[in-house]
There are 2 protein chains.
Amino acid sequence: MDHCSACVVRNSAICSALDMDEIALLGKMGRHHKLVAGQTLMWEGEDSLLVANIIDGVLKLSTSLADGREQIVGVVYPSDFIGRPFGARTQHNVTALTDAHICSFSSSDFDRFARAHPELEHKLLERTLAELDRTRRWLLLLGRMTASEKLAHFLLDMSARLVKQDCRAAGPADAFDLPFGRQQIADILGLTIETVSRRLNDFKAQGLIEVPSRRRIEILNRAGLESITDAV
Amino acid sequence: MDHCSACVVRNSAICSALDMDEIALLGKMGRHHKLVAGQTLMWEGEDSLLVANIIDGVLKLSTSLADGREQIVGVVYPSDFIGRPFGARTQHNVTALTDAHICSFSSSDFDRFARAHPELEHKLLERTLAELDRTRRWLLLLGRMTASEKLAHFLLDMSARLVKQDCRAAGPADAFDLPFGRQQIADILGLTIETVSRRLNDFKAQGLIEVPSRRRIEILNRAGLESITDAV
DNA sequence: CGCCTTTCTTGACGCGCATCAAAGAAAGGC
DNA sequence: GCCTTTCTTTGATGCGCGTCAAGAAAGGCG
């Protein structure tokens with residue numbers, strides 16, 4: 001796979017830990033893959049057979065209860081890594097939210113390669129530590145915040161992640177398109193779709209945001225949103 | 001520090017990745033430390049100056065909001081590892097729940113040593129991946145479970161972790177002492193202390209558990225508790 | 001042992017968010 | 001273009017859990 005030299009995430013994915021020769025070696029084991037929005041790549045509970053780098057698109061990690069209640073436990077973006085190396089069972093579903101490109105490896109191939117390349121493992125460790133920090137902050141959100149606080153937090157977080165890559169000419173500075181529908185926002189924040197809709201309209205009524213189309217958000221008053229998350 | 005050869009967690013802590021020579025080297029950098037119950041070892045937001053292995057005792061990781069709401073985001077037991085290697089800021093408070101012994105290292109010493117010893121980093125990676133899996137399941141609990149489901153889950157989880165090390169002669173099989181007070185259980189589950197107390201008494205009234213003293217739990221009907229967590 | 005502090009329980013009450021229901025808006029198919 | 005399907009909004013209602021307020025039990029300590 002000589003795609004690697006042209007890969008758009010080559011300098012930000014974990015591959016950046018490797019030199020040219022190593023990349024070539026790893027590249028031979030990788031398979032480029034295309035996912036359509038809605039497609040599920042891995043299922044909760046099944047053996048962990050593959051891992052992958054996200055080249056393009058957004059995917060969700062989710063778990064659910066027997067009666068259908070669902071919780072999104074992670075969202076991954078280009079250059080992120082998905083899958084569970086080192087022999088455990090997959091703990092959550094992995095589903096594409098948008099059309100996506102990934103570069104996948106067989107778990108066993110990847111595990112073997114990683115153990116032989118400490119720099120790669122180190123990169124993976126740093127990513128995993130950062131993801132653990134982020135997930136722990138999320139516990140605070142789910143366990144202790146009100147619906148408004150959750151949503152304000154969510155919007156600010158999304159703007160931090162999404163604004164840069166959104167280069168629409170017109171419109172105010174803090175504008176972006178969410179890769180989520182209302183139900184998915186609810187599944188991220190531990191709310192119902194109705195509550196998400198209502199609080200979003202409250203924000204609109206307060207002049208904090210504008211919602212020109214279903215998935216588009218424009219932040220009109222960032223300080224106002226921040227004051228909601230400040231937890232006086 | 002020649003304590004290492006006599007260390008009780010030597011075969012289960014991350015040190016188990018190392019051979020005798022390496023352990024001796026790492027041991028020289030480590031300092032044995034004693035904590036009393038309630039003592040806070042690290043503070044949210046401060047620079048990450050040390051990491052440590054837990055030798056004995058139980059500690060909590062917690063974050064809080066400006067108005068005092070608190071969420072426990074992790075609980076660590078003997079042989080677990082605490083602190084944030086590789087240069088980030090500490091994201092949560094670390095507080096001893098019981099008297100505790102730890103073996104601590106300066107972050108910078110440890111980072112340098114770890115980067116030079118891939119086997120150690122690998123062990124740390126496996127631990128971090130497992131902790132991330134556990135934390136993500138916790139998201140499901142906080143985001144989507146009712147108070148009773150949360151508590152039943154909690155009790156079963158605690159029994160899995162605590163029963164083995166509790167060798168009190170008398171009493172039924174599934175008996176253990178929690179290292180938590182009611183408030184701490186509430187802070188783990190995203191509830192209030194009153195709700196914890198009420199649901200616990202419900203379980204008692206249903207004959208599922210017995211609570212002979214404040215911190216002691218005896219599971220009388222495990223299947224009954226499990227059916228609560230099954231989410232029909 | 002008695003006093004004091006801390007922790008836990010119990011009750012009354014109300015709010016926030018879920019639930020149930022239905023209408024409205026956007027998107028996709030042909 | 002119209003029709004169907006899917007997603008979102010809006011309204012009415014109710015329950016679960018939080019909040020507020022005592023009171024009871026358990027520890028700690030002189």
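Every chain is numbered from 1 and lettered A, B, ... according to where its sequence line falls, protein lines coming before strand lines.
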What is the separation between atom [atom1] on [X] and atom [atom2] on [N], rounded to the nearest whole Å?
| X | N | atom1 | atom2 | answer |
| --- | --- | --- | --- | --- |
| B:I185 | C:dT9 | CD1 | C1' | 14 Å |
| A:M145 | D:dC17 | CE | P | 21 Å |
| B:D187 | C:dT7 | CG | C1' | 14 Å |
| A:I193 | C:dA21 | CD1 | C1' | 14 Å |
| A:R69 | C:dC17 | CZ | P | 18 Å |
| A:K150 | C:dC17 | NZ | P | 8 Å |
| A:R216 | C:dA27 | CZ | P | 14 Å |
| B:E194 | D:dA22 | CD | C1' | 12 Å |

Nearest heavy-atom pair of [X] and [Y]: which atoms, and what distance?
| X | Y | result |
| --- | --- | --- |
| A:H33 | A:S104 | CD2-OG, 4.0 Å |
| B:T63 | B:V73 | OG1-CG1, 3.7 Å |
| B:L220 | B:G207 | CB-O, 3.6 Å |

Quick one: label A:R144 by what it contacts on the DNA or RNA (base, sugar-phosphate, nothing), any heavy atom closer than 4.0 Å.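 Contact class for A:R144: none.
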Using a heavy-atom cut-off of under 4.0 Å over every strand shown, decide if B:S213 touches base, sugar-phosphate, or nothing.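 Contact class for B:S213: none.
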Check whether any side-chain N or O of [X] sits under 4.0 Å from OP1 or OP2 of [N], and answer yes or no.
| X | N | answer |
| --- | --- | --- |
| A:T195 | C:dA18 | yes |
| A:R215 | C:dA26 | no |
| A:R182 | D:dT9 | yes |

Check if the side chain of A:R214 and the base of D:dC7 share a donor-acceptor pair of N or O atoms closer than 3.5 Å.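 Counting by modelled atom types and ignoring angles, a donor-acceptor contact under 3.5 Å is found here.
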Suppose we call a contact any N or O donor and acceptor under 3.5 Å apart; does that hold for the side chain of A:R198 and the base of C:dG16?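 No such pair is found, so the answer is no.
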With the side chain counted from C-beta on, respond yes when B:T229 and B:M145 share a heavy-atom pair under 4.5 Å apart, and no when they do not.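 The answer is no, as the side chains (C-beta and beyond) never meet within the 4.5 Å cut-off.
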Do A:F81 and A:S79 have side-chain heavy atoms sitting under 4.5 Å apart?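 A:F81 does not reach A:S79 side chain to side chain.
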Looking at [options], which one has an atom nearest to any side-chain atom of [X]?
| X | options | value |
| --- | --- | --- |
| B:N201 | C:dT10, D:dG18, D:dG11 | C:dT10 |
| A:S197 | D:dG18, D:dT9, C:dT9 | D:dT9 |
| B:R199 | C:dT9, C:dG11, D:dC17 | D:dC17 |

5'-most contact on DNA chain D: B:V196 or A:F180, nearest heavy atom basis?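 Here A:F180 is the residue nearer the 5' end.
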Check the side chains of A:T95 and A:T40 for a donor-acceptor pair under 3.5 angstrom, ignoring hydrogens and angles.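 Short answer, yes.
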Salt bridge flag under 4.0 Å for residues B:D99 and B:K34: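 B:K34 and B:D99: not salt-bridged.
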If a stem is a run of at least 3 consecutive Watson-Crick or G-U pairs, both distances under 3.5 Å, which stems include DNA chain C?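 Result, WC/G-U stems under 3.5 Å: C:1-30 with D:1-30.
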Ring geometry between B:F180 and B:F154 (parallel below 30°, tilted from 30 to 60°, perpendicular above 60°):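 B:F154 vs B:F180 ring planes: tilted.
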